[in-house]
Amino acid sequence: MKIQYLGTAAAEGWPALFCKCESCEKARKLGGKNIRTRSQSIVDDKLLLDMPADTYFHALNYGIDFSSLQDILITHSHEDHFYPLDMILKAPPYAQEGAVKNINVYGNSVIVKMLKEAMSLSGIPKIRDYIIPIQVEPFVPFDVGEYKVTALLADHIPNEKCYIYCIEKNGKRLLYAHDTGVFPEKTWEYLPGIKFDAVSLDCTFGLGYNERGHMGLPNADDVKQRMLREGCADSKTKFIINHFSHNANKTHEELSDSAEKFGFLTAYDGMTVDF
Ligand SMILES: [Zn+2]
Ligand SMILES: [Zn+2]
Ligand SMILES: [Zn+2]
């Protein structure tokens, strides 16, 4: 399997849209891996994770054929992960022809509600032929094409079941864990005995300490150590930190030097990891 990171920033982007802080100014000046767009990834060039407003740019920048996408997994309703109005572009007259006719959008009850609202606001009569909202429940595996996917609970928005996703194919397994603090106990109870080949963890706070809602590197390392203890990972598992806020106030190089000492790769826009 392969994951490509298309966008690696938190909600505001980095440099942030309206911000002139030292961290954003440095990112503007240095460019390259310090430019981070909103959160999105793709597995094996075909299974899309999240749908932020930067999706259009990602499709252009990385040459991804969105007309052939069949499935999108959505983690939660924050706008850096889900911008439902752009889903309407799947239907005519915005898309006249696609390699696939309709697209499945999987998520929690809030995602399904937001998507259905956007679909009805569009006024396109047959929009339901083109976009299929599918509500998924935590800890209940479901098939997405050749993948087996399980939504696990994140620690993120108090009144929403935010998901992290376990994605499996041909004996390989990825845990995609954004946005979340240190996992809730219900998720820990589900994990033992499930071994991952790659684990992508929230690191919104950079090198800072933050347990709830989001994480920083020390907390991502706590998760890593517990996963190792509980047999969910071993020395071959690739651990990656991703989803950074400008408030982390470090360059990519500084983040990546520190992360390396904890055995983590540091995601940047465009990075690909094979496992
Ligand atoms: Zn986010
Ligand atoms: Zn800033
Ligand atoms: Zn969020």
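Order of appearance sets the numbers: ligands from 1, and atoms from 1 within every ligand.
Angle ND1 (His246) to the Zn ion (ligand 2) to SG (Cys21): 110°, rounded to 10°.
Side-chain contact of Asp179 with His81: a donor-acceptor pair under 3.5 Å is present, judged by distance alone. The closest side-chain donor-acceptor pair between Ser200 and Tyr5 falls under 3.5 angstrom. When only modelled atom types and interatomic distance are considered, Tyr176 and Ser41 share a side-chain donor-acceptor pair under 3.5 Å.
The salt bridge (charged side-chain N to carboxylate O under 4.0 Å, His left out) check on Glu12 picks up nothing, with sequence neighbours excluded.
The side-chain tip of Lys101 points at the ring of Tyr130 from less than 6.0 angstrom away and within 45° of straight on. The side-chain tip of Lys238 does not point at the ring of Phe275 from less than 6.0 angstrom away and within 45° of straight on.
Below the 2.8 Å limit, the Zn ion (ligand 1) has as protein N, O or S neighbours Asp80 OD2, His81 NE2, Asp179 OD2, His243 NE2.
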